[in-house]
Amino acid sequence: MFETLKAQPADNILALMQMYKDDPRDTKIDLGVGVYKDATGLTPIMRAVKSAEHQLWETQNSKSYTGLAGDPAFGDALVNLVLGDAVPRANVAAAATPGGTGAVRQAFEMVQMARPDARVFVSDPTWPNHLSILKYLGMTIVPYRYFDEETRGVDFDGMAADLKTAQKGDVILLHGCCHNPTGANLNATQWDAVIKILQDTGATPMVDIAYQGFGDGLDADAAATRKIAASVPECLIAASCSKNFGIYRERTGMLMAVSSDGSAQKLNQGTLAYLNRQNFSFPPDHGARLVTMILNDDALRTDWMAELEDIRNAMLGLRSQLASELQRLSGSDRFGFIAEHRGMFSRLGTTPEMVAKLRDDHGIYMVGDSRMNIAGLNAQTVPILAKAIIDVGI
């Protein structure tokens with residue numbers, strides 16, 4: 001039987017990680033992998049997570065299953081974190097998933113159940129796994145313009161023109177904040193224009209919010225998602241706790257289905273539970289329970305927010321340092337976009353050949369499309385990266 005299988009394409013980021021690991025140079029810099037690292041190169045366990053784990057170890061007396069949609073308390077806590085009071089809680093169906101990826105997969109499955117012929121509009125570029133999952137499910141993908149290769153900002157005119165071709169029954173996939181892989185984000189006025197397009201076309205928005213708290217702050221990063229949820233008849237939201245709680249391996253995420261009609265919540269909730277049952281039955285609970293404990297305990301939440309703010313400011317500081325160093329070396333402000341981008345990533349907007357030259361000549365590893373993880377830097381490696389960028393002629 002299995003001899004009929006075909007070899008699948010290698011994951012580019014995992015392949016890059018292996019190349020970095022095999023590189024013997026002491027001066028190598030890893031800007032490829034999509035996890036936060038502190039100045040020492042460690043992906044740390046946050047203080048509040050450690051404290052919550054200790055409390056859980058002391059008090060938890062069972063590892064039995066939770067519900068198909070996970071612990072309802074996790075649903076309440078994360079819905080509140082993402083949506084605040086933008087919509088009534090009674091209008092939101094929520095189900096825990098194995099990470100943000102699980103939420104994305106379940107959202108696409110829900111769309112396919114409801115509208116087998118739905119087209120999904122995705123930004124060009126987008127997180128590669130969006131495309132991989134959609135292709136695996138056999139869903140129709142419609143790219144919309146997003147990244148301006150000249151300015152390294154958002155090509156909003158192109159984006160708006162493409163989104164206006166969507167129709168009722170289509171889905172428009174949006175990055176809630178900290179766009180991956182570009183780091184370029186919409187401003188408030190542009191978000192308002194996108195909402196107007198959603199209202200005019202009748203297309204259903206799906207928001208992937210994986211970096212809340214990494215851009216401009218917890219509430220600022222959720223502002224667009226909240227406004228969308230309050231402005232359209234229905235939407236889907238895939239949320240991840242991997243980054244802002246630093247619990248990558250715990251696989252903690254949630255899919256939310258929001259409807260302006262509260263009577264639709266029961267049907268949506270049942271559908272989410274059904275999809276979980278078909279895919280993995282009960283979702284992981286350890287990470288979800290830690291998040292719930294942190295968000296529902298004033299002391300833990302305060303400590304978590306403080307550490308998250310330190311992380312955010314550290315990345316902003318690295319962005320400013322890199323932009324300033326590049327300005328000094330190049331004598332121009334053409335790299336100013338790096339300081340304007342938000343989140344872990346920035347896309348340099350250069351060629352795969354230049355990316356390969358950075359790797360081969362300087363031991364600097366980034367994804368072939370020139371996405372670099374700003375959190376892979378520290379104050380000492382920023383000047384090294386800046387010099388390499390100028391030396392190779394970017």
Min side-chain heavy-atom separation L385-L322 under 4.5 Å: yes
Electrostatic pair K357-E353, nearest N-O below 4.0 angstrom: no
Test side-chain contact (heavy atoms from CB on, under 4.5 Å) applied to A375 - qualifying residues, sequence neighbours left out: Y36, M315, M344, N373
Minimum-distance pair of heavy atoms, taken over all atoms of L198 and P205: CD1-CB, 3.8 Å
Residues which pass side-chain contact (heavy atoms from CB on, under 4.5 Å) with T182, listed by chain and number, not counting sequence neighbours: P125, Y146, F147, H179, A184, R347
Side-chain heavy atoms of I237 within contact of V258, under 4.5 Å: yes
Heavy-atom check, side chain of Y365 versus side chain of M17, under 4.5 Å: no
Y144 ring center near F121 ring center (under 6.0 Å): no
Hphob cluster co-occupancy, Y211 + V104, side-chain heavy atoms under 4.5 angstrom: no
Polar side chain donor-acceptor pair, R25 to T27, under 3.5 angstrom: no
Between R301 and N296: side-chain donor-acceptor atoms closer than 3.5 Å: no
Closest heavy-atom pair and its distance - T271, M110: CG2-CG, 4.1 Å
I394 vs L348 side-chain heavy atoms within contact, under 4.5 Å: yes
Contact check, side chains of L83 and R89, non-hydrogen atoms, under 4.5 Å: no
Residue pair S330 / F335, side-chain heavy-atom distance below 4.5 Å: yes
Carboxylate-amine/guanidinium contact R371 D369, below 4.0 Å: no
D192/K196 ion pair, N-O < 4.0 Å: no
Close aromatic pair by centroid cut-off 6.0 Å: F345 and H341: no
S263 side chain reached by K266 side chain, heavy atoms, under 4.5 Å: no
Smallest separation among heavy atoms of K227 and I195, with atom names: CG-CD1, 3.6 Å
Aromatic ring pairing Y65/F282, orientation class (parallel under 30°, perpendicular over 60°, tilted between): parallel
Minimum heavy-atom distance between L186 and F156, given as atom pair plus value: CD2-CD1, 3.8 Å
